[in-house]
Structure formats: C-alpha cells, structure tokens
Amino acid sequence: MSASKVLGYVARSLGQPLEAIVYEPPKLGEHDVRVSVTHCGVCHTDIQAIDDYYGITTFPFVPGHEIVGSVMEAGPAVTGLKEGDRVGIGWQGRSCGKCEWCLKGETQLCMEIENTTVMVPYGGFSSSVVADHRFVYPLPPTLPSQAAAVLMCAGVSVYVPLRTYATSPAMKVAIAGVGGLGHLAIQFAHAFGCEVTAISSSPWKKEQSLGFGADHFIDSNDMDSMRKFDYGHDLLICTANAGIDWEALLMTLKKRGRLVLVGFPDINLNSTDLVAHELLLTGSMIGNPTMMRAMLSFTQEHGIAPVIELMSMSQVNEALQRVKENKAHYRIVLVNDKN
Ligand SMILES: [Zn+2]
Ligand SMILES: [Zn+2]
C-alpha cells in the first residue's frame, strides 16, 4: 500500500473543536513505520493538550495517542516489523536516543520529551501515523484491537506504578478515580494479589468497581466512609483529574505510604500530613518499551479487559465532549470507517 493522503482531525488553536483536514503524509524516517490507523482511544490528556494545559502544545496538531492499526510501510532500518503487522502505539512515538535517560532505556524521561509524542505533529485521530519502530508494539493475536488501543496509554500508565511500587501482595492499594485509568488500575492491582480499595465520587460505580476486583469501595463524598480507611493503604494511585479532597485522600495512606499521580490534576496539598506522616509523593509517566511489552503480556495472562464504548472517528468532537463531561463509559475508542 502506498502512502496516500491522510485524513486527520486537527486542533488548530486553543480549546477549539477539531477540524477534518486532508494533508500530505509525514515523511518516513529510516527507523520509522507508517501505520494505517484502525482504532484510537480518547484520553483525558488529549483534551489537556488541546487546552495547552502543559504549556508545550504547538498548533496545529492532530491529537490521539492510543493507536492500533497495521503497518503500511517500513523504513530501511526497521527490524522486527513488516507490512500488514497489527501494532499498537502509545503517547511516545520516538525519543532523542542520546540523553542520559534514553541511554538508560528510561525513554519516558527523555530530555526532549515534548518532541517525542506521536502527536507531534500528527497523531492517531487520523487515517495514518508515523512512529519510530522502537515505539511500535506487535499485538498478541487474541487481544482485540479496541482493548489494545486503551492499553497503549491508560493501561501502561497504571501498570507501571503498580508493578514498581506494589511490591508485595500483602500491600493494601487504593485507586482514586474509577474511570478510564482507574478501572484498569483496579484490575491490575487485583491481579498483583493486593487488597484493593476503589475511591470514587460516583457511588453508582460501587458494583462495577467490585466487579473489576476491588475489595472495598469508598464514596469520597461520604466522609464517614472515607474516615474508616484512615491509615489504611500502603499505596494510593490517583487517576482522578478533578474534585479531589487531597487532605482526606492523604489520610487514607499509612505513615510512609506513597501517593502516585498518573494523571495531571491540579494539586493543592497541605504539607502537614505529608511531612508528619513521612509520605512519599511520586509522579509516574507512561512506561518505556520494556514495560509496554511486559504490560501487554500481563494483560493476556490475567484477563485484564478495558470497558469500552466504540464511536466512529468522525464523531471525535462528540467523544472529546463526553470525556470532558466525565460521561465516557470508562474509555471511548474511535474506529476508522474505512477499516
Ligand atoms: Zn493518554
Ligand atoms: Zn532522550
């Protein structure tokens, strides 16, 4: 298949709806593959990128970084992938390859991280993307494409901190926020053998949380139920983006417990408990290629399954609005019609 023109949904300026445009396919570097996109998940950070929450957005760009598709074309230095292979691509589509972090294999910490995203300039809300083959992952044949898409960002973002910090099944783990990331975090934490508490401001998510493998559920609006878990957890993974009562949340951690942020919420922490309880506060950013591959096989071994709402790629603005309004049924995946 030759690289014909690309149909993509472009963000032209701050906070504006995406516009369908047709553009020339980006050039294929020697280490790159061109992937025909069949599926792309919608992540809350797509919205933050469109809103330039991080202060690094360069317009125009095409968002979308939970990509599944098939290899259309491979550069001359590509190994291990060939035309027709079904693959996944996450937020990171390349790295500088030279900085101290890239040399250590911790590419998610690349010193040029803002230039490594697959969305610079044209990401997965499109008919095709280009990425360095070292960040393009062959998918297990039994893994459905829509599920694989969600694992590429939401999956790896919660798998890595759990694998890194939930070091013993005896640990008690809390997951704050039961949405796209949270519902996967519950499943992973349960699969690691930990006792899991789901914390959500949506009490109707209790039954589903228990279904995902949570042992307990806290309605974060109900302070009495929250206080029963004071000093209750070794590890707290915060996947929520808004409406967080940090003081109450930190109280659910044991002394020397660890709070891991995997989204990008506004934080407003009182230092008293942080210091007096000797708490650890950690950020966790996606995962390197080794973690991506480990996560994919772990999900297969343990039957981790994202809950997905499918929409057509052309409904991208509607999908972004649903995510913004917190209405997505866990994760929305956009499907390209022609595929
Ligand atoms: Zn994401
Ligand atoms: Zn680097």
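Both counts, for ligands and for their atoms, begin at 1 and track the order of listing. Residues: numbered from 1 along the sequence shown.
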K.L.:
Would you confirm whether S70, through its side chain, and R86, through its main-chain N or O, come within 3.5 Å as a donor-acceptor pair?
P.N.:
no
K.L.:
To the nearest 10 degrees, how large is the angle at the Zn ion (ligand 2) between C110 SG and C99 SG?
P.N.:
120°
K.L.:
Determine whether the aromatic ring centres of Y54 and F264 lie less than 6.0 Å apart.
P.N.:
yes
K.L.:
Strictly under 2.8 Å, is any N, O or S atom of H44 next to the Zn ion (ligand 1)?
P.N.:
no
K.L.:
The test is ring-ring contact (aromatic ring centres under 6.0 Å, His included); show your working for F192 and Y165 and say whether it passes.
P.N.:
CA-CA 11 Å; F192 281 114; Y165 304 115; over 10 Å; no
K.L.:
SG (C43) to the Zn ion (ligand 1) to NE2 (H65): angle, nearest 10 degrees?
P.N.:
110°
K.L.:
Before moving on, can you tell me the angle at the Zn ion (ligand 2) between the SG atom of C102 and the SG atom of C96, to the nearest 10 degrees?
P.N.:
120°
K.L.:
Parallel, tilted or perpendicular: which fits the ring planes of H133 and H31, with parallel below 30° and perpendicular above 60°?
P.N.:
parallel
